[in-house]
Amino acid sequence: MAGSTLGTMFKVSTWGESHGKGIGVVVDGCPAGLTISEEYIQTYLNRRKPGQTKYSTPRKEDDYVEILSGVFEGRTTGTPISMVVMNQTQRSSDYSEIANYYRPGHADYTYDSKYGFRDYRGGGRSSGRETTARVAAGAIALAILDSLNIHVSAYTRSIGPITIDYTNLNLQNIMQSSLYMPDLNASAKAEDFLLEKMNESNSVGGVIECVVTGMPAGIGEPVFEKLDANLAKAVMSVGAVKGFEIGDGFKSASMLGDANNDAFHYEDGTLSKETNHAGGILGGMSDGSNIILRAAIKPTASIARTQHTVNKANKNIEINIKGRHDPIIVPRAVVVIESMVALTLVDLLLQNMASRLDKIQEFYKN
Ligand SMILES: Cc1cc2nc3c(=O)[nH]c(=O)nc-3n(C[C@H](O)[C@H](O)[C@H](O)COP(=O)(O)O)c2cc1C
Ligand SMILES: C=C(O[C@@H]1CC(C(=O)O)=C[C@@H](OP(=O)(O)O)[C@H]1O)C(=O)O
């Protein structure tokens, strides 16, 4: 299948299906000398793995990662890094019926239209399980960013109609909220709302917000490889993401110019902006202020309710979906969004190193 590789200099290729033997990733283009271990990558996978809270799919997977190549004596060697997570608790019998019909809100119809048949077990390649591989790769990108003092933090901004109050926002709270909300008051309300909808056999969506601090100005390539364009592509490639915004995003369409422009200011040798409606990106390049983006996540498609659909014989039918599903995808996708943002930033930071002759000369002189 084409389309499984992301990046120009920091290239990531994921493989595997939800009910196949395992999920994996090859990261090519990682600079040599980065300290990496399976234990470190595991800390990121543990934030995503299924079966951890009552708001997650009951499918339990350990998601243990094994590094197969590219790391020697604890450091990256500059060669391709291959990582694998074996699937342990596939229950493909849940899916024997869906081979013959198309689940609403899933990729069944489109995969069949494209390829003529599909791996229908657990959504196959279109499953959210594929994001395991993205998080393993993202952990490497995040380590590179950390070494440059660039930090990426995502959290749940809203669940259904409940949005965090920014005056209560405390990023230290995220790990205390089972929904990864940095406002514990909003988190409690969101849990009540979610439990109510779960009792009605329904699912809920929400918004993930991501903030990048420490990004130098000028990162992003002009025209087709803009930073915001690449971030949009990376984030929108995650299953169930239906909307993407940078800075004031869609709200900026109803603002006036004097309110939307961020005035520049110079003091004590530093140029900064008085506001950040642009979300840290101007002309497709980072402007040195925080990058702020949001991803809208739809409510989980698989719900335990009778639904109308069509089968392969083009008959209108009623279905009742089986399986172990996330009643909400948002909390599990928070670390996936962080990973996709990190992969994009590292790729563009590496590309930027070729942008100026004076810098190249400086590098090769030493
Ligand atoms: C981490 C994660 C977990 C997911 N879990 C489920 C799930 O349990 N049930 C489900 O119906 N969809 C789940 N999804 C979303 C579907 O995979 C996705 O909606 C589907 O493949 C159709 O793609 P689209 O929504 O991008 O059009 C999950 C997505 C992610 C990123
Ligand atoms: C297993 C994971 O999530 C799965 C994502 C998913 C989907 O349709 O996207 C459907 C469910 O899969 P299955 O029916 O195969 O159990 C989830 O459990 C995971 O994220 O690791």
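Atoms within each ligand, like the ligands themselves, are counted from 1 in listed order.
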Should you measure from each heavy atom of [X], which atoms of ligand 1 turn up under 4.0 Å away?
X    : value
K298 : 19 (O), 24 (P), 25 (O), 27 (O)
S126 : 17 (O), 21 (O)
G239 : 26 (O), 29 (C), 31 (C)
T300 : 7 (C), 9 (N), 10 (C), 11 (O), 12 (N)
V238 : 31 (C)
R332 : 3 (C)
H106 : 10 (C), 11 (O), 12 (N), 20 (C)
S302 : 11 (O)

For [X], does the [atom1] atom sit with more than 12 other heavy atoms under 6.0 Å from it, leaving out its own atoms?
X    : atom1 : value
K189 : NZ    : no
Y166 : OH    : yes
M353 : CE    : no
K233 : NZ    : no

For [atom], what is the closest protein heavy atom, and at what distance to 0.1 Å?
atom                    : answer
atom 9 (N) of ligand 1  : H325 ND1, 2.9 Å
atom 17 (C) of ligand 2 : R324 O, 3.5 Å
atom 10 (C) of ligand 2 : H325 ND1, 3.6 Å
atom 3 (O) of ligand 2  : R332 NH1, 3.8 Å
atom 9 (O) of ligand 2  : G128 N, 2.6 Å
atom 12 (O) of ligand 2 : Y95 OH, 3.9 Å
atom 22 (C) of ligand 1 : G105 O, 3.6 Å
atom 1 (C) of ligand 1  : T131 OG1, 3.8 Å
atom 24 (P) of ligand 1 : A240 N, 3.6 Å
atom 8 (O) of ligand 2  : H106 CE1, 3.5 Å
atom 5 (N) of ligand 1  : D326 OD2, 2.7 Å
atom 28 (C) of ligand 1 : I329 CD1, 3.6 Å

task: Go through ligand 2 atom by atom and flag the ones less than 4.0 Å from a non-hydrogen atom of P50.
output: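 Close to P50: 19 (C), 21 (O).
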
So for [X], does at least one of its heavy atoms come nearer than 4.0 angstrom to any atom of ligand 2?
X    : answer
R91  : no
G122 : yes
S18  : yes
K49  : no

Of the backbone atoms (N, CA, C, O) and the side-chain heavy atoms from C-beta on, which set of [X] has a member under 4.0 Å from an atom of ligand 2: side chain, backbone, both, or neither?
X    : value
E61  : neither
H19  : side chain
R121 : neither

Testing the 3.5 Å rule here: is there a donor-acceptor pair between the side chains of [X] and [Y]?
X    : Y    : value
R134 : S237 : yes
H106 : S302 : yes
R129 : T57  : no
E209 : Y155 : yes
Y55  : E191 : yes
T213 : N290 : no

query: Are any of the N or O atoms of R48 closer than 3.5 Å to those of ligand 1?
result: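 Looking only at distances, the answer is no, because the N/O contact criterion of under 3.5 Å is not met.
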
Heavy-atom contact under 4.0 Å between [X] and ligand 1?
X    : value
R129 : no
T57  : no
V336 : no

field: In one Ile/Leu/Val/Met/Phe/Trp/Tyr side-chain cluster, 4.5 Å: L195, I303
entry: no

Closest by any non-hydrogen atom to [atom]: pick that one out of [options].
atom                    : options                : value
atom 21 (O) of ligand 2 : R59, R103, R129        : R129
atom 6 (C) of ligand 2  : G105, S127, A240       : S127
atom 29 (C) of ligand 1 : G323, A333, G128, P331 : G128

- prompt: About how many Å separate CE of M285 and CE of M215, when rounded to the nearest 0.5 Å?
  reply: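 Atom-to-atom, M215:CE and M285:CE are 12.0 Å apart.
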
field: T79 OG1 to I81 CD1 distance, which is reported to the nearest 0.5 Å
entry: 7.5 Å

Does the side chain of [X] reach to within under 4.5 Å of the side chain of [Y], using non-hydrogen atoms?
X    : Y    : answer
I291 : V341 : no
L343 : F10  : yes
L227 : L345 : yes
K226 : E221 : no

Tell me if a side-chain donor or acceptor on [X] pairs with a main-chain N or O of [Y] at a distance below 3.5 Å.
X    : Y    : result
R48  : R332 : no
S187 : S177 : no
N230 : E225 : yes
S69  : S82  : yes

query: Taking distance alone, with no angle check, do S126 and ligand 2 share an N/O pair under 3.5 Å?
result: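 It does not: no N or O of S126 is found under 3.5 Å from an N or O of ligand 2.
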
query: Looking only at N/O atoms, are T57 and ligand 2 under 3.5 Å apart anywhere?
result: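 T57 vs ligand 2: N/O contact under 3.5 Å present.
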
